[in-house]
Amino acid sequence: MASGAKLDGGGQTLLIGVREGRPHLDYWGPSLADRPDPRLTERAGPHGMLDAGEAFDLFPEAGVGFTGTPALQVSRPSGGFITQLAHQETRTRDGGLDLVLADARAGVEAVLSVNVDPATGVVAFRTRVRNLGAEPLRLDWVSPVALDLPDGEILGFGGRWAREFDVQRLRMGAGLWASEARTGRTSHHAPPFLVAGETGFGEDHGKVLALHLAWSGDHRMLVERLRDGRLQAQAGELFWPGEMILDPGALYETPTLYAALSDHGLNGLSDRLHPFVRDTILGGRLRDKPRPVHFNTWEAVYFRHELAELKALADSAAAVGAERFVLDDGWFKGRGDDTSSLGDWTPDPLKYPDGLGPLVAHVRGLGLEFGLWVEPEMANADSDLLRAHPDWILGESGRIQPLGRGQYVLDLTRPEVSEAIFGQIDALLAAQPIGYLKWDMNRDLTHPVSGGRPASHAQTRAVYALIDRLRTAHPGVEIESCASGGGRADYEILRRTDRIWTSDCNDPIERQSIQRTFSIFFPPEVMGAHVGPADSHTTARTTSLDLRAMTALFGHMGIEADVRAFAPRELEALASAIALHKALRLPLHGGRLVRQTPADPGAIAFAVIGEGAAVASLAQVETPRIAGAAPLRLTGLEPDTLYDVRLVNPPRRARAAMKRIPALVRGETVPATGRWIAHAGLPTPILRAGEIAVFHLSRSSA
Ligand code: DGJ
């Protein structure tokens with residue numbers, strides 16, 4: 001018998017049909033008024049396959065004739081593994097539904113929840129699997145759903161430390177593409193994001209589907225060419241052998257798989273995902289709360305903490321406009337380098353003989369908020385914590401495990417361990433007016449074993465619980481998610497944090513592309529972006545202050561350099577960049593971010609468009625291919641608005657790069673409508689590699 005449901009949101013409709021007991025996503029696209037005849041979704045069955053053809057639906061199972069990767073893989077100790085779930089009922093609620101599927105003989109129930117955000121159309125899929133049988137049920141794989149992808153190309157996300165959010169575009173031939181993280185964190189190399197779309201999709205064109213598994217532990221995403229030519233995508237937690245065993249009656253809940261669909265390319269996806277993150281993932285908590293400009297001590301002093309020097313740094317940071325001082329790694333007991341002390345969260349008595357109080361008071365006296373770096377999930381062997389409790393780490397007792405940065409992962413699944421860490425961080429927050437924690441996580445988790453059993457899932461949940469508990473105890477404290485730079489950037493961590501440290505690479509040339517990809521899924525206000533030293537410690541490249549500052553301008557801006565070493569002219573330029581950021585924070589952090597496609601392939605351009613105001617940048621990250629600078633044809637502006645356009649940073653020594661200099665480039669304000677700017681473009685300076693042009697557009701009063 002056929003039945004079904006219709007869900008609407010963000011100008012789109014999803015039709016979910018149930019036929020012969022199986023759930024199907026019959027339609028996802030622009031709003032539909034009617035419910036088309038589902039027979040048009042039938043497919044002819046070829047020879048050489050099962051008689052019913054490929055049994056591909058929303059939750060495909062091998063037991064019902066699906067020959068690709070099933071969404072559910074389970075087994076019993078006695079050997080049974082066949083499941084044939086059948087639809088029992090559909091429970092509808094506002095904006096969503098639960099599809100209840102069950103197989104009494106296999107003793108398995110799966111409840112697929114589908115929720116459509118009414119404003120943005122972002123769909124959240126989550127599945128709960130319950131063991132209805134009398135024996136334990138082993139789960140090897142559960143993807144909340146399987147989705148039929150638009151065919152053409154996929155954008156796979158990868159990268160490494162200091163080069164996060166790298167993408168590769170692939171054409172899916174036959175077979176299976178999988179991206180897996182077995183490192184106990186969202187990861188640098190396989191972050192759980194994917195975009196699939198029609199061939200040649202770009203920033204503004206093409207049908208595209210975005211997927212994100214919101215999970216900060218081990219995971220797997222896959223795209224598979226099915227035998228009948230379709231492409232399926234799945235994503236779920238990656239379980240270690242025998243990790244997920246459900247006792248009779250027990251329940252497993254998948255992480256949420258978020259999906260967004262657009263007919264207007266990657267910008268169309270961000271138009272849905274950014275407001276969704278702002279309102280739903282962050283619950284609106286950053287709206288109307290201007291992001292304070294940071295000063296972070298890491299690249300200024302690393303582990304060398306000296307009170308007088310830190311105070312002087314705070315003075316210089318305040319003088320250029322910083323609003324929050326974040327004391328990074330190196331402040332706690334015995335921490336002279338990265339080989340010791342994680343786990344002992346009290347101020348180092350040699351560096352801070354009177355505790356953190358004098359520094360906190362100095363910083364706050366300057367009008368800055370005080371923030372502190374912590375890495376609560378970790379401990380070094382050389383720490384009081386592990387000397388007292390050597391068994392508090394994850395791992396198999398008696399086995400030597402490979403270390404990362406010389407440290408171990410604490411077993412937070414044990415209540416006494418979580419309690420002890422909570423106690424230490426809670427005491428720190430209670431002792432001083434600390435408004436911010438930079439929560440770091442710096443090693444791959446290779447031995448996620450607790451009490452002799454795999455515990456990657458439980459550890460990830462325990463990290464969430466620890467953060468939640470701290471947030472409840474200290475609701476005014478903001479938290480930044482960091483994992484060796486951008487190794488923990490996902491929507492589930494973002495539910496409980498306020499900023500993501502995007503990358504340890506502060507080299508603006510690299511940052512331009514890291515930020516471009518990051519911005520597909522995340523809005524600019526959560527993107528930590530710092531002005532680093534001229535010489536980058538991760539790339540050995542030297543860049544101008546203009547490029548560094550104008551690149552950081554587009555995120556949650558900060559400084560991470562020894563500003564005392566800056567030349568007076570640089571300090572002045574930094575101060576005016578920060579002043580500009582503050583003046584433009586509203587559109588920058590609440591507007592519509594539209595990635596641009598500049599004519600020169602060696603350039604990267606963004607525009608952030610607010611009501612009657614916009615900011616745009618064009619960064620030349622490689623030597624230009626052509627001699628003359630092509631105009632920047634900005635897309636996304638209000639076509640009928642007349643803007644006053646001005647180049648914020650007219651080039652110094654302009655004549656060294658160009659013989660003729662357009663009025664706008666000379667620093668004159670030029671009025672133009674959004675339509676005209678999209679058509680004719682903005683004249684740009686001739687930019688050499690490493691130079692940037694930033695334009696400010698404001699509604700003309702003329
Ligand atoms: C890794 C982070 O990404 C850096 O920003 C810094 O906090 C270091 N850890 C400190 O050890």
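Fair warning: this is a prediction, and the values are worked out from it, not measured in the lab. Both counts, for ligands and for their atoms, begin at 1 and track the order of listing.
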Nitrogen or oxygen atoms of [X] and ligand 1 under 3.5 Å apart:
X    : result
G485 : yes
W373 : yes
K438 : yes

**Request:** Check step by step if side chain to side chain donor-acceptor pair (under 3.5 Å) holds for T446 and R443.
**Result:** CA-CA 9 Å; T446 51; R443 74 153 282 182; 3.0 Å; yes
Would you kindly specify which portion of [X] sits under 4.0 Å from ligand 1, judged on non-hydrogen atoms: side chain, backbone, both or neither?
X    : value
E375 : neither
E560 : neither
N442 : side chain
A483 : neither

**From CA spacing to verdict: side chain to side chain donor-acceptor pair (under 3.5 Å), R595, S519** = CA-CA 8 Å; R595 287 170 301 276; S519 76; 3.0 Å; yes
Please identify which atoms of ligand 1 are closer than 4.0 Å to at least one heavy atom of [X].
X    : answer
D329 : 10 (C), 11 (O)
C482 : 2 (C), 3 (O)
W501 : 3 (O), 5 (O)

Could you check [atom] against the protein and tell me its nearest heavy-atom contact, residue, atom and distance included?
atom                   : value
atom 3 (O) of ligand 1 : D504 OD1, 2.5 Å
atom 9 (N) of ligand 1 : D440 OD2, 2.7 Å
atom 6 (C) of ligand 1 : D328 OD1, 3.4 Å

**Asked** Taking H294 as the fixed residue, which of Y436, F325, F370 is the one that meets the ring pair (Phe, Tyr, Trp, His ring centres under 6.0 Å) rule?
**Response**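 That would be Y436; it is the only one of Y436, F325, F370 passing the ring pair (Phe, Tyr, Trp, His ring centres under 6.0 Å) with H294.
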Distance (rounded to the nearest 0.5 Å) between [X] [atom1] and [Y] [atom2]:
X    : Y    : atom1 : atom2 : value
Q512 : F554 : CD    : CZ    : 8.5 Å
L470 : L437 : CG    : CG    : 7.5 Å
K351 : K333 : NZ    : NZ    : 13.0 Å

**Message:** Take a 6.0 Å sphere around CG of D391 and say whether it holds more than 12 heavy atoms from other residues, nucleotides or ligands.
**Reply:**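 Yes, because the 6.0 Å sphere around CG of D391 holds more than 12 heavy atoms from other groups.
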**Item:** Salt bridge E419-R414, side-chain N to carboxylate O under 4.0 Å
**Value:**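 Salt bridge absent between E419 and R414.
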**Asked** Which is it for F522 and Y491 under the ring pair (Phe, Tyr, Trp, His ring centres under 6.0 Å) test, yes or no, and what are the steps along the way?
**Response** CA-CA 9 Å; F522 295 96; Y491 286 4; 5.6 Å; yes
